[in-house]
Amino acid sequence: MALTIQGPPSPDPDKFPAWQLFLLALVRVSEPIAITSIFPYSWKLVLHFNVGDKSSASFYAGILISSFSLAESCSGMFWGAMSDRIGRKPVVIFGCVGTIVSLLTVGLAPNIWVALAGRITGGLLNGNAGVIQTMVGEIVISPKHQPKAYAVMPFVWSIGTILGPSIGGYFAEPVANFPKLFPADGLFAKFPYLLPNLICAGLMIISIICGWLFIEETHPEKLRAGVVQPPNQHFRKSSMATQATDNFAPADFTRESYGTFNAIEEEAIDWEEAPNLVSAQADPVSQKAFTSQVVMLVVALGIFTYHSMTYDHLLPIYLQDARSPPGGRSLLAEKPQTSSFAGGLGLSVHDVGVILSIQGLIALFIQAIIFPLMASWLGIWKSFIVVTMCHPLAYFVVPWLAWLPENWLYPGLFACLTIRNLLSIVAYPVLLILIKEAVPSSSSLGKINGLAASTGAACRTIASPIAGYLYGVGIQMEFTPIAWWASAAVAAVGAVQAIAVRQRTDGIQHEVHAVVEPIASLLPHDTSRRRHSNMMRSSLGAGRSSLDAHERTPLRRSRASSM
């Protein structure tokens, strides 16, 4: 097949495949942009189709959002197997084409059923999430490059989830937002949500062209003779075992970076000894895979995934829902006529796009700076307990924004978004770390990955429709906080469940310590030890009572078992 024609392979097996990873990242980043661009305007899109009334629009919007992920999870195994037969590159290119078909179908949809068919079609035709992760595993020949390589895709996914809602919110309804550029009787007046889909489709076309011309086939059987096969397949197979069913890029439980953007110090792990350290912990024959610790942590991951998805779905709807009474009421006002709990904040789709963009920048800052520091200061276990216990607060405070005076609205809103991002961004990677540490043996890692991926996909699928339905009930009751506080109740269940999770005190533990140059420079220590980037180092070890001298940093905490 023409798509699998390759250029010459890299002659140096120890060379980091930066160019190929960049090309894969270019393809990968366009996918979350396309998937999430509908988030800001999904509610308005349903209202545009005149489906039901205002109270039911949030439910149908949830169906639109979740349909892509549900369809993608159903077809992931098929495209993974197909990539084994015909090669990785053709499947990736076809997945991009499928996403373009989905975008154009949604943008030109005359009714909700066509739009829903477009979202489902996009999910069924796109298996790139698992295939691209598999390609990463196949092009990284040197094991010491794996942590850095596996941190690339979560990074670009995060970038995509920032750009996607920004494009969707900013360019939706262009006739109203840019009247000088788009006439009131033109194509974009008839299809007010076509423009953001066209922009995302254009980005996908760029990805297709670059992929067609420059991405190299990585399937071992499709490579030309003489290509050196990657060593240490023991680690690589465990990381790829369930990638075809993992539709959320950061859920790769073998990465040492766990989705952060910090530089990884490769020498922190002895790759020659790491497999022996893993296998020495348990006999794979005698150890069962799904221990109570594993099951409890996977349940915690499912609970977190559910209420986190409800936040992403409810926020744009609440921001756009009209205030009640018009203009809003403050608690400081005298004798308010009615409660502001009956509506939302009354912002435009354009404003929502800007707000979501700023939220993305907040998320990047927290993920790049705050998470490493928090993991260093509190440790993994304490970080998990703290953020899980505090998570109900993130949902409880949002409905109170409608009571704020006008000049306090945006400060209050961004304070809420900061609280939420701080809790959720810390919660996800620490859960992945704890699940990885709970694995009884390396032979069971694939099964546990599959369970976690399936649990997360199922929770994401049902979260949006349920949250949308509850918001509709709240509109009918003139009490929209019911949806938010229902999510707070689920988060509270997660907090109680977290208490029941017992901390593992044996086996492989993570020693997480971070150095941030501006802070480290203010502390009394050897200045020659300063780093020029944010860094998280995760060392594999069992039974060590202390760190080696060269591993010490000013912000070091004790190992996870003592956190």
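Counting only distance, with no hydrogens or angles, the side chain of Glu72 and the backbone of Phe68 share no donor-acceptor pair below 3.5 Å. The backbone N or O of Leu64 lies less than 3.5 Å from a partner atom in the side chain of Ser67, making a donor-acceptor pair. A donor-acceptor contact shorter than 3.5 Å links the side chain of Ser75 to the backbone of Gly123. Between the Thr99 side chain and the Gly95 main chain, a donor and an acceptor come within less than 3.5 Å of each other. In terms of modelled atom types and a separation under 3.5 Å, the side chain of Gln320 and the main chain of Pro40 share a donor-acceptor contact. Between the Asn421 side chain and the Leu417 main chain, a donor and an acceptor come within less than 3.5 Å of each other.
Here the side chains of Leu404 and Leu401 are in contact, with some heavy-atom distance below 4.5 Å. Residues Trp79 and Asn126 have side chains not in contact (no heavy-atom distance under 4.5 Å, counting atoms from C-beta outward). With a 4.5 Å cut-off on side-chain heavy atoms, Phe304 and Ser424 count as touching. Residues Leu364 and Ile159 form a side-chain contact, since some pair of their non-hydrogen atoms from C-beta on lies under 4.5 Å apart. Inter-residue side-chain proximity for Phe371 and Tyr428 is flagged as unmet; no heavy-atom pair is nearer than 4.5 Å. Using a 4.5 Å heavy-atom threshold, the side chains of Leu21 and Phe16 count as touching. Side-chain atoms of Ser66 and Pro465, non-hydrogen and from C-beta on, do get closer than 4.5 Å to each other.
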Review point. Does the side-chain contact (heavy atoms from CB on, under 4.5 Å) test come out yes or no for Met389 and Ile499, once each step is laid out?
Key: CA-CA 9 Å; Met389 297 294 290; Ile499 299 176; 4.2 Å; yes
Review point. Under the ring-ring contact (aromatic ring centres under 6.0 Å, His included) criterion, do Tyr471 and Trp484 qualify, and how do the steps go?
Key: CA-CA 8 Å; Tyr471 195 88; Trp484 289 103; 7.8 Å; no
Exercise for review: Give the C-alpha distance, both sets of side-chain angles, the deciding distance and a yes or no for side-chain contact (heavy atoms from CB on, under 4.5 Å) between Val136 and Leu24.
Suggested key: CA-CA 8 Å; Val136 172; Leu24 290 177; 4.2 Å; yes
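Going from atom CH2 of Trp400 over to atom SG of Cys416 covers 12.0 Å, rounded to the nearest 0.5 Å. Summarising the geometry, atom CG belonging to Leu356 is positioned 11.5 Å from atom CG belonging to Leu361; distances are rounded to the nearest 0.5 Å. Expressed to the nearest 0.5 Å, how far CG of Leu422 lies from CD1 of Ile370 amounts to 7.0 Å. Note: Ile65 CD1 to Thr461 OG1 = 12.0 Å, rounded to the nearest 0.5 Å. Between atom OG1 of residue Thr418 and atom CG of residue Leu413 there is a gap of 9.0 Å, rounded to the nearest 0.5 Å. Note: Leu470 CG to Ser58 OG = 8.5 Å, rounded to the nearest 0.5 Å.
Each of Val386, Leu423, Ile419 was evaluated against His391; a single residue qualifies, Leu423, per the side-chain contact (heavy atoms from CB on, under 4.5 Å) test. When each of Leu314, Val398, Ile355 is checked for a side-chain contact (heavy atoms from CB on, under 4.5 Å) with Leu319, only Ile355 meets the rule.
The minimum heavy-atom distance between Ile303 and Gly494, with the atom names listed, is CG2-CA, 3.7 Å. Closest non-hydrogen pair, Val92 versus Val27, comes out as CG1-CG1, 3.7 Å. The nearest pair of heavy atoms linking Trp43 to Ile317 is CB-CG1, 3.7 Å. Trp485 and Pro399 make their closest contact through NE1-CG, 3.7 Å (heavy atoms, listed as atom of the first residue, atom of the second, distance). Of all heavy-atom pairs spanning Gly353 and Ser357, the tightest one is O-OG, 2.9 Å. Among all heavy-atom pairs drawn from Ile358 and Phe414, the shortest one is CG2-CE2, 3.5 Å.
The aromatic rings of Phe341 and Trp403 stand perpendicular to each other, their planes meeting at an angle above 60°, with 30° marking the opposite boundary.
When the shell of 6.0 Å around CE of Met296 is examined, it contains more than 12 heavy atoms from other residues, nucleotides or ligands.
Residue pairs meeting the side chain to side chain donor-acceptor pair (under 3.5 Å) criterion with at least one partner in residues 301-310, sequence neighbours excluded, are His307-Tyr395, Ser308-Arg420, Thr310-Ser487.
Not a single ring pair (Phe, Tyr, Trp, His ring centres under 6.0 Å) links His313 to another residue, sequence neighbours left out.
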